[in-house]
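Shown next, in structure tokens, is the structure this report addresses.
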Amino acid sequence: MEKFFPAPVANFADLLMDAVCMVDAAGRFVFASAACERIFGYTAEEMRGRTMIDMVAPEDRERTLAAARTIMDGQPNLHFENRYVRKDGSLVHLLWSARWSEQHQLRVAVARDISAAKRAEATQAALYAISEAAHATDDLPQLFQHIHQIIGGLLPAACFVVALHDSCSDQLRFAYHADQQGPLPQSLLARVMGEEVRRMGRPLLLDSSTLAGLPEALRSAAGLAPVSWLGVPLTTSQGPIGVLMLQGQGEHAYTDADRDLLLFVSTQVATAIQRKRMHAQLRFMAQHDELTRLPNRRLFHDRLETAFARAQRQQGRLSLLFIDLDKFKLINDEYGHASGDLLLKEVAWRIQACVRESDTVARIGGDEFVVILENVGLPDHALAVKDKIHEALALPVPLADRGNLQIAASIGVAHYPDHGADMQQLLRHADNAMYASKTQPAPM
Ligand SMILES: Nc1nc2c(ncn2[C@@H]2O[C@H](COP(=O)(O)OP(=O)(O)OP(=O)(O)O)[C@@H](O)[C@H]2O)c(=O)[nH]1
């Protein structure tokens with residue numbers, strides 16, 4: 001050191017929090033101050049003689065060499081950022097100021113560890129991105145994919161899992177489980193780990209160093225030399241809603257700092273999920289009937305428009321069935337509104353059971369239902385569905401304490417293109433056919 005600085009200055013250099021380095025024209029360290037050990041993980045002794053560029057993160061090497069050339073051409077650089085690979089394999093973000101000493105034929109540089117600031121910056125950006133994703137994505141699976149990418153930029157995440165609490169079954173439902181290539185089959189370890197995080201209500205770090213202190217079920221699911229996993233609860237202001245888990249990459253073991261970071265970010269993730277769920281719920285409520293949970297009149301019209309456009313485009317067929325319960329008012333009057341409600345739910349369920357999943361059954365009024373049958377080969381097929389519905393509705397509906405209810409319905413059918421070239425004509429035809437059938441007994 002005294003070779004370059006007088007002794008007192010050399011002592012000061014070792015007191016600095018920033019690292020002072022000198023690199024010769026061939027790019028080898030010839031001097032490193034004491035702070036280097038804290039920043040790079042290597043002692044000054046270990047650094048001496050090493051080629052600087054070998055310690056730079058591979059992605060930053062080209063930029064670093066270009067900056068070094070400029071400095072050696074006589075232009076000092078007071079604000080250059082790059083990343084070095086520390087002795088333990090982790091990355092350290094550095095801010096450099098450097099200049100070339102013609103007299104000593106050395107690059108003299110001072111490096112400041114800005115990893116904490118970079119991490120805070122990245123965390124802030126991730127929080128913002130998660131909040132943005134909650135607005136920009138259409139549904140939860142898409143949101144989870146976005147969040148996977150965002151958190152993958154902060155922490156190693158070979159595999160990313162979101163498991164949400166299902167209040168009906170009181171179990172975790174794996175809503176997202178994927179690696180960079182796409183969805184993965186459910187793993188026993190992820191399930192056991194998720195349940196454990198949920199049970200404890202706090203983060204859990206799994207790797208070979210923590211294994212001994214973990215519950216038996218988790219130990220046996222993990223095996224002897226587990227890949228590192230990190231799990232945190234997803235909690236909103238209303239309480240826990242699920243669990244977020246990451247699987248490390250290769251040898252990487254998550255640290256306590258990683259755990260704290262994921263826990264911090266998880267609050268934003270939980271809020272984003274909650275917001276998305278609320279939107280989905282509001283959208284569902286706006287489009288579905290509260291009692292039967294069938295599509296309502298508005299969604300029926302949307303579906304019909306789409307089906308109609310498709311049939312026109314593909315020169316296909318579609319049929320509409322208008323269904324109105326007969327004398328439903330009497331049921332309400334005689335058995336009460338609650339029994340009427342129960343009957344409407346049963347009717348909805350029975351009609352749905354008569355058609356394919358791709359068909360639409362909607363409730364468009366008190367006791368009025370409608371069915372859109374797509375891709376019906378011949379009008380006879382729609383008539384067969386109509387008969388099936390009549391039969392299904394003719395079966396008695398048992399009431400808990402008041403015997404059986406008997407119900408019948410009037411059904412009008414309209415076929416495209418036979419009964420109308422446009423939607424209004426078709427709707428009118430089905431409605432008229434339904435009223436016409438009210439005056440006739442239903443075929444049994
Ligand atoms: N329980 C119950 N009843 C409802 C609901 N919505 C509408 N209603 C009742 O459904 C009945 C429909 O009566 P109407 O349209 O006269 O039909 P109807 O008695 O079946 O007569 P027809 O169609 O001529 O055979 C009314 O009494 C409404 O109050 C509901 O959500 N629950």
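Both ligands and their constituent atoms are indexed starting at 1 by order of listing.
A side-chain N or O of R198 and one of H165 form a donor-acceptor pair less than 3.5 Å apart. Between the side chains of R303 and T360, at least one donor N or O lies within less than 3.5 Å of an accepting N or O. For the 3.5 Å distance criterion, the side chains of R275 and H135 qualify, holding a donor opposite an acceptor. In the model, H93 has no side-chain atom that pairs as donor or acceptor with a side-chain atom of N82 under 3.5 Å.
Ligand-side atoms of ligand 1 in range of G340: 1 (N), range being under 4.0 angstrom from any heavy atom.
K438 counts as a contact of ligand 1, since one of its heavy atoms falls under 4.0 Å from the ligand.
Looking only at heavy atoms of the protein, atom 3 (N) of ligand 1 is closest to N332 ND2, 2.8 Å.
With a 4.0 Å heavy-atom cut-off, ligand 1 is reached by the backbone of L325 but not by any atom from C-beta on. Here E290 has no heavy atoms under 4.0 Å from ligand 1, in either its backbone or its side chain.
Considering backbone and side-chain N/O atoms, L330 never comes within less than 3.5 Å of an N/O atom of ligand 1.
For atom 2 (C) of ligand 1, the choice among D341, D324, L291 with the nearest heavy atom turns out to be D341.
More than 12 heavy atoms of other residues, nucleotides or ligands sit less than 6.0 Å from atom CZ of F284.
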